[in-house]
Protein chains: 2
Amino acid sequence: MQLKSLRLLMGVAETGSFVATAQRLHTVQSNVTAHIKKLEEELGVQLVHRSGQVRLTTAGMALAEYAERILSAHDEALSLFKGDRVAGSRLRIGAMETTTALRLPPVLAAFHGAYPEVDLQLHTGPTASLVERLTEGLVDGVFVAGHLDHPHYHLEKVFSEELVLVSANPMMAMPTTEALLTATFLAFRQGCSYRQRIELLLAHCGVSAARIFELGSLDAMLGCVAAGMGYTVLPRATVEAHQHRFGIHCLALPAPIAQVDTYFAAAQPATWTPALARFVDTLRQVAASDTRRPEAEGV
Amino acid sequence: MQLKSLRLLMGVAETGSFVATAQRLHTVQSNVTAHIKKLEEELGVQLVHRSGQVRLTTAGMALAEYAERILSAHDEALSLFKGDRVAGSRLRIGAMETTTALRLPPVLAAFHGAYPEVDLQLHTGPTASLVERLTEGLVDGVFVAGHLDHPHYHLEKVFSEELVLVSANPMMAMPTTEALLTATFLAFRQGCSYRQRIELLLAHCGVSAARIFELGSLDAMLGCVAAGMGYTVLPRATVEAHQHRFGIHCLALPAPIAQVDTYFAAAQPATWTPALARFVDTLRQVAASDTRRPEAEGV
DNA sequence: GGCTGATATTCATGGAAAATGATTTGTTTT
DNA sequence: AAAACAAATCATTTTCCATGAATATCAGCC
């Protein structure tokens, strides 16, 4: 059985004429005859009344019901890829908690505003779990901080953060190794890449182990830092956005440690569904406007 | 897009291998490649990851969802015509009230017993309306008394009734024309073919107009006849079945008038759905057993 | 690092099936 | 009865598909 045959059958059902069907579907009448005839032979049932009026038999109508289901599903699938419409399609994105809070709101808002008909799902979790989801095909794309070691993946730098050391008191230089040994650091929970940066920073300063407090929210973290509880490491934009609320000060970190790039990782662009392609478009636009006026940023 | 391509895609999705898919679907591996490739070109999207593991891309998974809907609908449609299963099919039968009451119960019971999965719908109404339904394709077949004038229809004699004149008193011969002129006849409502027989009988006896009472139920009719209200015309089997309840007597009618054949009318057998073909089979069996032991009949 | 087995791609080819236009057949209309 | 119309049939062209052999690519392994 052929989709084309079903389409011709529906044409005959609607027009009641072989020639009209042929015109409508851009073929010739004899071809319509041949297709219908083949369908009938295949099913062993006469589908169309020919004597005089051309109309479907009850068997033809029964088949037409299925044909309608089949063809509408087919059209829907086609429109998913070919058409500009992304209606009914699903887009599953994964991101870390920090990225979700820090960068995604404007992206998601812009995308949902432009394509409200897309069923957008956001999964949050630690990087390892996100990458696993991606490789299993459970999500269409994920946001990760730093490069992805997995090969064969499309990586696109979308956000760039400058991390700064945050403290309650003004700092002119990095704390001494001795100070760091006794200091307390405040960080998000395990699995967050910013926390990994803190550990990287400590290693860079020759400190092997320091006390790290895990906090669940940015406000709690900043509040504790302002209270003199210890240090933390955050994007500069974030600190600046909250500086008027807390008496906090920041110090630039050494360049290799300060620079954190957030990448969007997905399969190769050739495999993208239209919805994903649109999402990446939106993402690029938002990211571009972010870098043009970074001072407007922050959480 | 081709159904075969979708089937191959599903094969690849399930087996994760082109060769396995080719074996499973009885073709060669290069053909699988060609189909998938054509699908990809058609949709402008890569559907299958090739590097190393063969598995669907997210776009491929999206298409697979539709493919599953399409193919299952297709299989269902095929099984409707090809398979022995008639599950999910619908059968719409039309019949007059009298036929429904008199003859259909054993037929419907037998059919429903044999094929409980068929959605059986019974429409009752006057003959004219039934024929209209049939020509419009709203029913698969109808029971009619006497021949159908419409051409191109399959007609099959299924029941044969001997009509008798019914009265409260024993009759040795047909009432005289004078007696008939003043007599009252009891009949079903307009549109019933038995009523038409009464009018035919009266015309045959040279009586142009007689009083005809319309009653809605068989019991009411027989009761009124037993009470001496007038005559009626009914199948002999029906009268015999009720004779023990009412003091009624019957007289054979002239052969050409007495004989009423009930036909099953439907489109040509070539157009029958399997469900309809099974129904006709059942109908023939029941009708055959009826004629073998007609005394067991009756309402 | 190169070998080996397995798997996918590419390509040429024969063959099957589809599309086409001319013609015939059948039905409806006048 | 004839004309007008629509579908079936048929012969032909064309396209597309299935096939198998050769080639390329990727894993595992010595």
Side-chain angles (χ1 to χ4, degrees), chain A residues 1-57 59-60 64 67 71 135 149-153 267-268 270-271, chain B residues 1-43 45-57 59-60 135 149-153 267-268 270-271:
Chain A
M1 193 185 297
Q2 204 122 13
L3 285 174
K4 209 171 293 183
S5 308
L6 292 179
R7 222 169 266 286
L8 290 171
L9 180 74
M10 294 306 291
V12 170
E14 287 164 19
T15 65
S17 155
F18 280 46
V19 285
T21 303
Q23 288 173 353
R24 181 199 281 206
L25 298 181
H26 312 103
T27 182
V28 293
Q29 170 265 329
S30 60
N31 199 24
V32 180
T33 298
H35 267 278
I36 302 290
K37 197 172 178 184
K38 188 171 184 202
L39 264 185
E40 290 180 330
E41 283 169 6
E42 202 171 337
L43 300 179
V45 172
Q46 190 177 331
L47 297 170
V48 180
H49 286 296
R50 262 84 157 204
S51 52
Q53 293 228 28
V54 169
R55 59 197 181 79
L56 296 195
T57 64
L71 293 177
T135 55
D149 52 351
H150 276 260
H152 305 304
Y153 276 96
Q268 290 305 316
T271 73
Chain B
M1 192 185 297
Q2 205 123 13
L3 285 173
K4 209 169 295 181
S5 309
L6 293 180
R7 222 170 269 285
L8 290 173
L9 180 74
M10 294 305 292
V12 171
E14 287 165 19
T15 65
S17 154
F18 280 44
V19 285
T21 303
Q23 288 172 353
R24 181 200 280 205
L25 298 180
H26 312 103
T27 180
V28 292
Q29 172 269 330
S30 63
N31 200 24
V32 180
T33 297
H35 268 277
I36 301 290
K37 197 173 178 183
K38 189 171 184 200
L39 265 184
E40 289 180 330
E41 283 169 6
E42 203 170 337
L43 299 178
V45 171
Q46 189 178 332
L47 297 170
V48 180
H49 284 296
R50 262 84 157 204
S51 51
Q53 292 229 28
V54 169
R55 57 196 183 81
L56 295 195
T57 64
T135 55
D149 51 351
H150 276 259
H152 305 302
Y153 275 96
Q268 291 303 316
T271 73

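Numbered from 1 within each chain, the chains take letters A, B, ... in sequence-line order. Every heavy atom of this structure was used, including side-chain atoms; hydrogens, water molecules and symmetry mates were not.
Taking both residues in full, the closest heavy atoms of A:Ala59 and A:Val45 are given as CB-CG1, 3.2 Å, listed atom of the first, atom of the second, then distance. The two residues B:Ala20 and B:Thr15 come nearest to each other via the heavy atoms CB-CB, 3.9 Å. For B:Ala13 against B:Leu56, the heavy-atom pair with the smallest separation is CB-CD1, 3.4 Å. Among all heavy-atom pairs drawn from B:Thr21 and B:Leu8, the shortest one is CG2-O, 3.6 Å.
No contact: B:Val32 has no heavy atom under 4.0 Å from any strand.
Computed from coordinates, the B:Leu3 CG to D:dC17 P distance equals 13 Å when rounded to whole Å. One atom, CD of B:Glu42, and another, C1' of D:dC16, lie 13 Å apart when rounded to the nearest Å. Rounded to an integer number of Å, the gap from A:Met1 CE to C:dA18 P is 13 Å. Following rounding to the nearest Å, A:Gln46 (CD) and D:dA8 (C1') show an atom-to-atom distance of 13 Å. Regarding A:Leu56, its CG atom lies at a distance of 13 Å from the P atom of D:dA7, rounded to whole Å.
Taking the side-chain hydrogen bond (donor to acceptor under 3.5 Å, both in side chains) definition, one finds that A:Glu40 meets it with A:Arg50, sequence neighbours left out. Checked against salt bridge (charged side-chain N to carboxylate O under 4.0 Å, His left out), A:Arg55 has no partners two or more places apart in sequence or in another chain.
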- Message: Using a 4.0 Å heavy-atom cut-off to protein, can you give one letter per nucleotide of nucleotides 19-30 of chain C, 5' to 3': B if the base is in contact, S if only the sugar-phosphate is, - if neither?
- Response: BBB-----SS--
Enumerate the protein-to-nucleotides 12-17 of chain C contacts in which both atoms are nitrogen or oxygen and the separation is below 3.5 Å.
none

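Between B:Leu47 atom CG and B:Glu41 atom CD the span is 11.0 Å, to the nearest 0.5 Å. The CZ atom of B:Arg24 lies 9.5 Å from the CE atom of B:Met10; values are rounded to the nearest 0.5 Å.
Between A:Lys37 and the phosphate of D:dT9, there is a side-chain N or O to OP1/OP2 separation shorter than 4.0 Å.
Side chain of B:Glu42 to backbone of B:Met1: a donor-acceptor contact under 3.5 angstrom is found.
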Result block: side-chain N/O donor-acceptor pairs under 3.5 angstrom for residues 28-36 of chain A, not counting sequence neighbours:
residue	atom	partner	partner atom	Å
A:Gln29	NE2	A:Thr33	OG1	3.2
A:Asn31	ND2	A:Thr27	OG1	2.9
A:Thr33	OG1	A:Gln29	O	3.3
A:His35	ND1	A:Ser5	OG	2.7

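Within residues 13-25 of chain A, the residues that have a heavy atom under 4.0 Å from DNA chain D are, in order of number, A:Ser17, A:Phe18, A:Val19.
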